[in-house]
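Below is one structure, written out as structure tokens; comments come after it.
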Amino acid sequence: MAVHSEKIQRDSPGRRAWRRFKNNKRGYYSLWLFGVLFVLSLMAEVLSNDKPILVQYQGEYYFPILKSYPETAFGGDFDTETDYHDSYIRQFLTADGHWMLEPPNPYDYTTINYEAGQPNPAPPGAQNILGTDDRGRDVLAGLLYGFRLSVLFAFVLTAIGVFIGIVAGALQGYFGGRTDLLLQRFIEIWGSMPELYLLIIFASIFQPSITLLLILLSLFGWMGLSDYVRAEFLKGRNLEYVKAARALGLRNRTIMFRHLLPNSLTPVITFLPFRISGSILALTSLDFLGLGVPPTTPSLGGLLAQGKENIMAWWLSLSTFTLLVMSLMLLVFIGEALREAMDTRKN
């Protein structure tokens, strides 16, 4: 018993939280599955591309996935970039001991399959596992690249919102008084702004881009988190260790971000997966309405919009909806496990 008690005392709060997280099997396996999906999406150029990964031609090795080569490098007639789906070029690359290593899915999200043999959108088949969209582009490639864009966008948007929310909530909660009153009134006024109308207005004025969406959504995405940080700082600013730090002459900034903030991160960490899922859903919704990324950018919302316009092409809506729902469910399960892991009342 004494050894067991000593081991518990040596455990850090972080290790105990990690054990509580692992005990929630649904959240733990969801984290692994979402991580695997995200890593695979980061390797999209290797898994789905219309350019070979490696080409061996006349004793030399080429890396088309990293560098563009003209047709003349492989026996073609033109100095333009090589089309590796062209049967005329492929006969040079596969004859006389030559070979090329292609990705598992030989289509990029911009590649149009001119040999589908059916009108677009074409149903799933041997060439396109999940079919094509109304322009003849591979749906699987669109899902892979669109998922990566959505998750990266959500990570960046969440990071910006967390940073602004922590700073605003810390200032309100630590100083209180007039600072808290003025910032709270500003948040109430700013939160009443019609966010969707502003997005529509700016989308009609400026050219749609990822940067514009990040700026506009970041203007409103921090307010919910700042309330939780404010409450934690209001609760902690009158504790004994904070009073002792003031008596020792520490600066307010040091007390806020070195002493109070680490003890106020529970709501921040707990809500991270939910904020990420909300950001993915926001980007998908805006793309579905035509207010998101440019048309040439891969997006899950764009595929859903095509599925709405082509009701008979069930593979467009079904595949995108399945990926989107599975991603959001995994993030929700991770968030629930984090909430239980940060609850120190659980053994």
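Starting from 1, each residue takes its place in the sequence as its number.
- Residues L272 and M223 share a hydrophobic cluster, clusters being chains of Ile/Leu/Val/Met/Phe/Trp/Tyr side chains in contact below 4.5 Å.
- Looking at P294 and Q207, their side chains never come closer than 4.5 Å, going by heavy atoms from C-beta outward.
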Could you go through residues 171-178 and list every donor-acceptor pair under 3.5 Å that involves a side-chain atom there, pairing it with any protein atom two or more places apart or in another chain?
residue: Q172; atom: NE2; partner: D180; partner atom: OD1; Å: 3.1
residue: Q172; atom: NE2; partner: Q184; partner atom: OE1; Å: 2.6
residue: Y174; atom: OH; partner: R246; partner atom: NE; Å: 3.4
residue: Y174; atom: OH; partner: N252; partner atom: OD1; Å: 2.8

Acceptor/donor pairs from residues 66-79 side chains to any protein atom, 3.5 angstrom cut, sequence neighbours excluded:
residue: S68; atom: OG; partner: E81; partner atom: OE2; Å: 3.3
residue: Y69; atom: OH; partner: F63; partner atom: N; Å: 3.3

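- Counting heavy atoms from C-beta on, the side chains of W222 and I160 never come closer than 4.5 Å.
- In this structure, R230 and L234 have side chains that are in contact, with non-hydrogen atoms separated by less than 4.5 Å.
- Looking only at distances, no side-chain donor or acceptor of D86 sits under 3.5 Å from a matching main-chain atom of T82.
- Under a hydrophobic clustering in which Ile, Leu, Val, Met, Phe, Trp and Tyr are joined whenever their side-chain heavy atoms come within less than 4.5 Å, directly or via other members, I280 and I334 fall into the same cluster.
- Under the 3.5 Å distance criterion, the side-chain polar atoms of T158 are left unmatched by any main-chain donor or acceptor of F155.
- Between F34 and L331, some side-chain heavy-atom pair lies under the 4.5 Å cut-off.
- Y88 and F92 have perpendicular rings, their planes meeting at more than 60° on a 0 to 90° scale where under 30° would count as parallel.
- Remark: K51 does not engage E45 in a salt bridge, criterion side-chain N to carboxylate O under 4.0 Å.
- Side-chain contact annotation: Y145 with D108, donor-acceptor N/O pair under 3.5 Å present.
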Residues 190-199 side chain polar contacts: donor-acceptor under 3.5 Å, at least two apart:
residue: W190; atom: NE1; partner: L219; partner atom: O; Å: 2.7
residue: S192; atom: OG; partner: I189; partner atom: O; Å: 2.6

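- Without hydrogens or angle criteria, N310 side chain to A313 main chain gives no donor-acceptor distance under 3.5 Å.
- Checked against the 6.0 Å centroid criterion, the rings of Y29 and W32 do not qualify as a close aromatic pair.
- Side-chain heavy atoms closer than 4.5 Å link hydrophobic residues (I, L, V, M, F, W, Y) into clusters, and following such links, possibly through other members, connects L157 to F202.
- Under a 3.5 Å cut-off, the side chain of H85 and the backbone N or O of I112 do not form any donor-acceptor pair.
- You'll find the side chain of T270 stays beyond 4.5 Å of the side chain of P267, heavy atoms only.
- Between the side chain of T297 and the backbone N or O of V293 there is no donor-acceptor pair closer than 3.5 Å.
- The pair E340-R26 does not count as a salt bridge, with every side-chain nitrogen at least 4.0 angstrom from each carboxylate oxygen.
- Side-chain atoms of T254 never come within 3.5 Å of backbone atoms of L250 as a donor-acceptor pair (strictly under, hydrogens ignored).
- No hydrogens or angles considered: nothing links the side chains of D134 and N120 as a donor-acceptor pair under 3.5 Å.
- Results of the side chain to side chain donor-acceptor pair (under 3.5 Å) test with Q127 over D138, T132, N113 single out N113 as the only residue that passes.
- D50 CG to T111 OG1: the interatomic distance, rounded to the nearest 0.5 Å, is 3.5 Å.
- A donor-acceptor pair is defined here as one N or O able to donate and one able to accept, closer than 3.5 Å; such a pair exists between the side chain of S48 and the backbone of Y107.
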